[in-house]
Amino acid sequence: MPDIQSSSSAKALSSYSAPDRPKVGSTMRLSASEMATLSKAREGRWRPGLSDQPLHSEIFASTGDGSGAGLALGLARDALNIQMHIAGEGADPTADVYDRRQVLWVQDARAVQRGGRPYCQGLPADLRDRLIHVEAKTTEDALFALEEGLRCRDLACVIGEISGNPRAFDFTASRRLSLTAEKHGVPLWLIRLDAAAELSSARMRWRAQPAPSSRPLWNPDAPGSPAWKAELFRAARHAPGKWILSNEDGRLHARKPNTPIAANTQNIGDLVRPTFGRSLAAYARA
């Protein structure tokens with residue numbers, strides 16, 4: 001029978017209630033069935049569309065495939081869509097609850113050199129005219145720009161790219177970003193390009209790789225919607241896990257890694273406008 005003896009563990013399990021749970025001093029004893037129930041509940045906690053997304057996340061990816069920037073945009077849009085949904089509940093149906101705040105994107109010089117700058121026409125349509133791009137010469141300048149952006153509540157979110165493991169980006173710098181994001185309520189998705197997962201205060205940490213896209217409905221040879229192999233290897237509130245995340249219809253979707261790829265059944269409307277009565281050719285011959 002397992003024992004959990006730390007107060008932090010007790011707080012983490014406070015959401016789970018068992019009426020006949022025996023306690024001995026500061027020790028809480030759980031039966032095997034209770035542990036299995038708790039583990040199952042924790043495994044299913046993270047999914048796209050959750051309202052309790054952390055304000056500081058890290059994404060580890062390679063510079064050669066752009067998966068880090070793609071996953072950061074997918075997670076950011078998922079969180080912003082949830083915020084707009086919450087803001088619209090109980091509001092005037094005719095009111096405009098769409099968040100038009102700007103998005104700050106900060107890159108250090110090495111990230112720009114290896115991965116390039118964001119291409120506005122390749123961004124989602126709702127972000128193309130809202131992007132503020134900052135290219136910093138050094139890691140210190142990039143960290144300063146990120147922290148200043150997190151202090152600005154007129155920003156919807158902040159996305160950063162830092163290459164490698166520079167000495168300036170230690171645990172203290174990571175902690176400053178976490179505290180600033182949580183104090184001002186501005187979320188940060190920090191992309192770590194070709195970096196090792198060192199000690200960090202990020203509340204959620206991902207590893208991203210590109211994944212095959214689903215086949216388009218009308219042309220199987222056309223490019224499909226973006227998809228990523230995403231591994232959540234550390235989170236403050238969620239259990240680790242692996243998913244195939246894809247951006248379908250502007251929303252983030254998740255499936256298990258071994259799930260077969262299904263064809264995209266998105267309805268894009270009629271390819272040919274229907275005619276009523278006599279056709280144009282019949283009118284031309286008349």
Side-chain angles (χ1 to χ4, degrees), residues 46-50 52-82 103-108 110-112 114-119 122-124 127 131 133-134 136 139 142-143 145-147 149-150 155-166 169 171 173-175 177-178 181-182 186-211 226-247 252-254 257:
W46 187 89
R47 65 183 185 279
L50 289 180
D52 59 343
Q53 298 289 352
L55 293 174
H56 181 193
S57 301
E58 286 185 342
I59 302 171
F60 292 82
S62 172
T63 57
D65 49 42
S67 57
L71 182 57
L73 282 173
L75 294 173
R77 296 188 71 200
D78 181 65
L80 295 178
N81 288 336
I82 294 301
V103 174
L104 178 65
W105 195 313
V106 179
Q107 294 178 294
D108 65 3
R110 293 181 62 190
V112 174
R114 295 186 177 186
R117 301 175 180 85
Y119 180 58
L123 295 175
L127 296 180
L131 182 66
H133 179 248
V134 174
T139 304
L143 293 173
L146 289 171
E147 188 172 345
L150 294 175
L155 294 176
C157 67
V158 177
I159 297 176
E161 290 186 66
I162 294 180
S163 180
N165 295 91
F169 189 52
F171 180 78
S174 176
R175 182 64 174 168
L177 294 178
S178 297
E182 293 171 357
V186 179
L188 166 65
W189 284 271
L190 184 59
I191 306 164
R192 307 293 308 277
L193 298 174
D194 298 329
E198 297 178 337
L199 187 63
S200 171
S201 67
R203 306 302 189 234
M204 186 174 285
R205 309 183 83 184
W206 297 86
R207 291 189 181 96
Q209 293 179 345
W228 310 274
K229 297 178 182 178
E231 177 188 0
L232 178 62
F233 65 92
R234 180 186 180 276
R237 300 180 181 178
H238 310 288
K242 296 181 180 180
W243 298 270
I244 300 296
L245 300 181
S246 60
N247 191 352
L252 195 64
H253 297 269

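Just so we're clear, the structure is a prediction, and the values are computed from it rather than from any experiment.
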Do K229 and I244 make a side-chain contact, defined as non-hydrogen atoms from C-beta onward lying under 4.5 Å apart? yes
Rounded to the nearest 0.5 Å, the CH2 atom of W189 sits from the CE atom of M204 at a distance of 10.0 Å
CG (D108) and CG (L193) are apart, to the nearest 0.5 Å, by 8.0 Å
CG (L104) and CG (L146) are apart, to the nearest 0.5 Å, by 7.0 Å
Checklist entry - Got a donor-acceptor contact below 3.5 angstrom from the Q107 side chain to the G116 backbone? => result yes
Residues at least two apart in sequence or cross-chain that pass side-chain hydrogen bond (donor to acceptor under 3.5 Å, both in side chains) with E182, listed by chain then number, are R203
S62 meets the side-chain hydrogen bond (donor to acceptor under 3.5 Å, both in side chains) criterion, sequence neighbours left out, with none
For G164, does its backbone N or O pair with a side-chain atom of D194 as donor and acceptor, under 3.5 Å? no
Checking S178 side chain against S201 main chain: does a donor-acceptor pair fall under 3.5 Å? yes
- prompt: Considering only heavy atoms from C-beta outward, does the side chain of R77 approach that of N247 to under 4.5 Å?
  reply: yes
Are Q53 and L50 packed together at the side-chain level, in the sense that at least one heavy-atom pair is separated by less than 4.5 angstrom?
yes
Between the CZ atom in F169 and the OG atom in S174, the distance rounded to the nearest 0.5 Å is 4.5 Å
Minimal heavy-atom distance between V134 and A145, with the atoms involved, is CG1-CB, 4.2 Å
Would you give me the side-chain donor-acceptor pairs under 3.5 Å for residues 65-76, sequence neighbours excluded?
residue, atom, partner, partner atom, Å
D65, OD1, S67, N, 2.9
D65, OD1, S67, OG, 2.7
S67, OG, A208, O, 3.4

inquiry  = Quick check: do F233 and P240 have side-chain heavy atoms less than 4.5 Å from each other?
reply    = no
Would a 4.5 Å heavy-atom cut-off, applied to side chains only, mark N165 and R192 as touching?
yes
So CD1 of I162 and CD of E58: to nearest 0.5 Å the spacing works out to 8.5 Å
The reported gap from CZ in R234 to CZ in R207 (rounded to nearest 0.5 angstrom) is 12.0 Å
Find out whether L123 and W105 are in side-chain contact, i.e. whether some heavy atom of one side chain is under 4.5 Å from a heavy atom of the other.
yes
